[in-house]
Amino acid sequence: MGDGRPQGRLIAWPWGCDAAPPRGVIIQGLTRRMLDKRFIRDNPQAVRDAVAAKGIDLDVDELLQLDQENRKLQFEVDEAQAQRRSRSKQFAKADEARRAELRAEQEAFDRQLKDNRERLARTGARLAELMLATPNIPWSGAPVGPDESANVVLRTVGTPPRFDFAPLDHVELAERRGWAEFARARRVAGERAYALVGDLVLLERAIHSYALDLLRTQEFTPISVPALVREEPLVGTGMLPKGREEIYEVPADDLFLAGTAEVALVGLHAGEILEAGQLPVRYAGISASFRREIGSASRDVRGLLRVHQFEKVEQFVLCAADEAESARWHAQLLATAERILTDLELSYEVVECATGDMGVGKFRMNDINTWFPSLGRYRETHSCSTLHDWQARRANLRYRDPDGTIHFAHTLNNTAVATPRLLAALLENHQTADAGVRVPGVLRPYLGGRELL
RNA sequence: GGUGGAGUCGCCUAGUGGCCGAGGGCGCACGCCUCGAAAGCGUGUGAGGGGGCAACCCCUCCGUGGGUUCAAAUCCCACCUCCACCGCCA
């Protein structure tokens with residue numbers, strides 16, 4: 001990696017300047033085999049701790065017990081199956097009398113086998129359910145706490161703008177300039193709907209083009225992926241089974257509207273065994289994203305901050321199962337997001353997310369919050385996550401080492417740009433006294449050189 | 001939306017109920033041969049789970065899931081994907 005944009009000064013890495021260093025050896029052993037049943041068997045306490053730190057509803061002891069029972073049943077069924085096969089072999093060579101005998105024997109035997117099979121299916125299903133609820137073990141540097149209130153600000157970069165006039169919020173500004181339709185859009189599509197108009201559309205495209213071009217210089221392959229997806233990739237990424245109410249469903253076709261391109265990006269390689277030489281896979285994924293926002297009903301209903309449908313360029317990395325490598329990519333993804341905000345001349349803060357905020361599958365998560373003058377505070381615009389092999393295990397996404405051994409890969413993702421929220425930030429931060437908007441230098445080439453909208 | 005065809009161990013392919021717990025070719029790896037190589041010859045060549053201190057052994061997987069049968073790659077049903085043609089369409 002590394003293409004000469006480390007921005008190392010800003011990056012608290014490897015382990016975060018404000019956080020304690022991890023207990024390396026222990027953490028390494030732990031995370032490398034996370035979600036592996038053998039790991040859970042060998043380190044039940046580590047899993048219990050993670051469950052507690054992340055506030056997850058999971059009975060680890062039930063899981064262990066089921067695992068044991070499941071293996072016992074599997075063993076019995078295997079043995080029985082071996083017998084059944086040998087009996088079937090004999091049948092071909094037997095005479096009629098012997099055949100009748102074998103048939104009778106087999107029948108009784110099959111009842112037992114069938115019974116065991118059913119029990120195995122039941123324990124297996126329950127075990128799978130619990131396994132899907134098993135969290136990744138968070139890195140030791142993450143603040144422990146129930147929710148985002150425990151998050152820690154690592155650093156603040158840039159300065160919020162000072163206005164010598166009364167600044168507008170992005171809704172007032174957009175409406176004054178005829179850049180957005182809210183009332184009409186809501187007649188069409190209900191609450192939180194919006195339509196961008198005129199220069200604001202051009203600005204949105206400019207931001208996406210700029211982000212895509214920046215990522216291309218880092219050898220990220222632009223890829224435009226489905227937002228309308230099946231259930232499997234949602235389970236594979238960890239969006240399901242928990243979190244169902246946040247996702248739009250299209251029941252007539254058994255499809256869902258993904259909340260992020262990450263779903264398709266992981267899904268693209270699910271079930272594959274890549275060659276080590278193909279790694280790292282780097283995508284700049286673009287797609288529409290859909291969220292029901294059920295958990296935040298009636299919050300931020302005004303404007304462009306929290307909408308049901310938005311557009312993203314997503315950074316995504318699929319790399320070898322090496323913690324140091326994943327850590328380097330995490331740093332790079334974060335640095336790129338910071339670079340984007342710096343280029344857009346926006347002030348932001350980088351946050352170390354607490355265990356209760358980071359979600360079940362994550363090892364580490366850093367949010368970036370961008371300054372919004374109308375809110376008088378920083379508000380999330382980016383989220384950078386390392387999942388180690390937790391996601392790859394679910395998606396059965398593996399690679400083969402040169403020595404022939406097969407491993408689950410590591411996955412990471414981070415927003416590059418998500419609009420229209422980021423558009424709102426640009427409008428508010430770069431507005432002029434007469435309701436114009438100054439265009440940051442990096443976007444001008446995408447807007448025919450215009451310096452002011 | 002309709003009709004027809006197809007999905008086998010990296011690739012190509014054999015295979016129509018027990019001899020397929022999958023044969024052949026290509027590729028790949030190792031060995032022999034060679035000064036070296038090619039050719040030739042030989043051997044090997046997937047994934048997952050489980051048992052055993054171990055050498056090793058067992059089970060599952062022929063797109064996926066069910067079913068029929070003593071026995072399924074092979075027969076039946078549903079689904080998925082691909083191909084062809086027809087219809088519709090940004």
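Each chain gets a letter, A, B and so on, in the order the sequences are listed, and its residues count up from 1.
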Task: Base-pairing assignment for B/C75 (Watson-Crick or G-U wobble, both under 3.5 Å) - done: B/G67

Task: A/Arg186: partners by side chain to side chain contact (heavy atoms under 4.5 Å, CB included), with sequence neighbours left out - done: A/Phe182, A/Ala193

TODO: Write down the distance between CD (A/Glu232) and C1' (B/G65), rounded to a whole number of angstrom.
DONE: 12 Å

Open item on the list: How many whole angstroms separate atom NZ of A/Lys72 from atom C1' of B/G49?
Closed with: 17 Å

Open item on the list: Base contacts versus sugar-phosphate-only contacts with protein, heavy atoms under 4.0 Å: please encode nucleotides 55-62 of chain B as B, S and - from 5' to 3'.
Closed with: ---SSS--

Open item on the list: Return the pairing partner of B/C62 with a 3.5 Å limit on both distances, Watson-Crick or G-U wobble; otherwise return none.
Closed with: none

TODO: Please list, chain by chain and in numerical order, all residues satisfying side chain to side chain contact (heavy atoms under 4.5 Å, CB included) with A/Leu228, sequence neighbours excluded.
DONE: A/Val250, A/Leu255, A/Leu257

- [ ] Would you mind reading off the distance between A/Arg87 atom CZ and B/U69 atom C1', rounded to a whole angstrom?
- [x] 16 Å

TODO: Go through B/G46, B/G18, B/G50 for me and flag the one nearest to the A/Ser88 side chain.
DONE: B/G18

Task: For B/A84, the Watson-Crick or wobble partner whose two distances fall under 3.5 Å - done: B/U3

Open item on the list: Please report the distance separating the C1' of B/U34 from the corresponding atom of B/G25, rounded so that it comes out in whole Å.
Closed with: 27 Å

Task: Nearest-angstrom distance, P atom, B/U43 to B/U60 - done: 28 Å

Open item on the list: Rounded to whole Å, please give me the gap between CD1 in A/Ile406 and C1' in B/A47.
Closed with: 7 Å

TODO: Could you measure between the two P atoms, the one in B/C79 and the one in B/U3, and give it in whole Å?
DONE: 12 Å

TODO: Check the distance between B/G48's P and A/Asn70's CG and give it to me in whole angstrom.
DONE: 18 Å

Open item on the list: Please report the distance separating the C1' of B/C19 from the corresponding atom of B/A72, rounded so that it comes out in whole Å.
Closed with: 16 Å

Open item on the list: I want to confirm an ordering. Mapping A/Ile273 and A/Arg103 to their closest nucleotides on RNA chain B, which one lands closer to the 5' end?
Closed with: A/Ile273

Task: Residues forming a salt bridge (Lys or Arg N to Asp or Glu O under 4.0 Å) with A/Arg302, sequence neighbours excluded - done: A/Asp169

Open item on the list: Would you measure the distance from the C1' atom in B/G21 across to the matching atom in B/A73 and give it in whole Å?
Closed with: 13 Å

Open item on the list: Say we look at B/A39 and B/A29: how far apart would their P atoms be, to the nearest angstrom?
Closed with: 12 Å

- [ ] Look through every strand shown and name the nucleotide pairing with B/C28 as Watson-Crick or G-U wobble, where both distances are under 3.5 Å.
- [x] B/G44

- [ ] Please determine, for B/C19, whether a Watson-Crick or G-U wobble partner exists with both distances under 3.5 Å, and give it or none.
- [x] none

- [ ] Report which part of the nucleic acid A/Arg71 touches: base, sugar-phosphate, or nothing (heavy-atom distance under 4.0 Å, all strands).
- [x] sugar-phosphate

Task: Check ion pair A/Arg292-A/Glu246 (N to O, under 4.0 angstrom) - done: no

TODO: Determine which nucleotide pairs with B/C35, using a 3.5 Å limit on both distances of a Watson-Crick or G-U wobble pair.
DONE: none

Open item on the list: Just N and O in the side chain of A/Arg400: are any of them under 4.0 Å from OP1 or OP2 of B/A47?
Closed with: yes

- [ ] Whole angstrom is fine here: how far is it from NZ in A/Lys114 over to P in B/U69?
- [x] 11 Å

Task: Parallel, tilted or perpendicular: rings of A/His269 and A/Tyr283 (30°, 60°) - done: parallel

- [ ] Describe, in one word, how the ring planes of A/Phe220 and A/Trp329 are oriented to each other, choosing from parallel (under 30°), tilted (30 to 60°) and perpendicular (over 60°).
- [x] perpendicular

Task: For the student: nearest non-hydrogen atoms of A/Asp343 and A/Pro440, plus distance - done: O-CB, 3.8 Å

Open item on the list: Rounding to an integer number of angstrom, what distance separates B/C12 and B/G66 when you compare their P atoms?
Closed with: 28 Å

TODO: Not counting sequence neighbours, which residues clear side chain to side chain donor-acceptor pair (under 3.5 Å) with A/His170? List them please.
DONE: A/Glu428

- [ ] Let me know the distance between CZ of A/Phe91 and C1' of B/U69, rounded to the nearest Å.
- [x] 10 Å

Task: Length of the line joining A/Asn116:CG and B/G50:P, which is rounded to integer Å - done: 18 Å

Task: Residue met sooner reading RNA chain B from 5', once A/Arg41 and A/Arg230 are mapped to nucleotides - done: A/Arg41

Open item on the list: Can you identify which nucleotide, out of B/G51, B/G49, B/A47, has its nearest atom closest to the A/Phe75 side chain?
Closed with: B/G51

- [ ] Using the test salt bridge (Lys or Arg N to Asp or Glu O under 4.0 Å), find all partners of A/Arg119 that sit at least two apart in sequence or belong to another chain.
- [x] none

Task: Whole-Å P distance, B/G63 and B/G7 - done: 8 Å

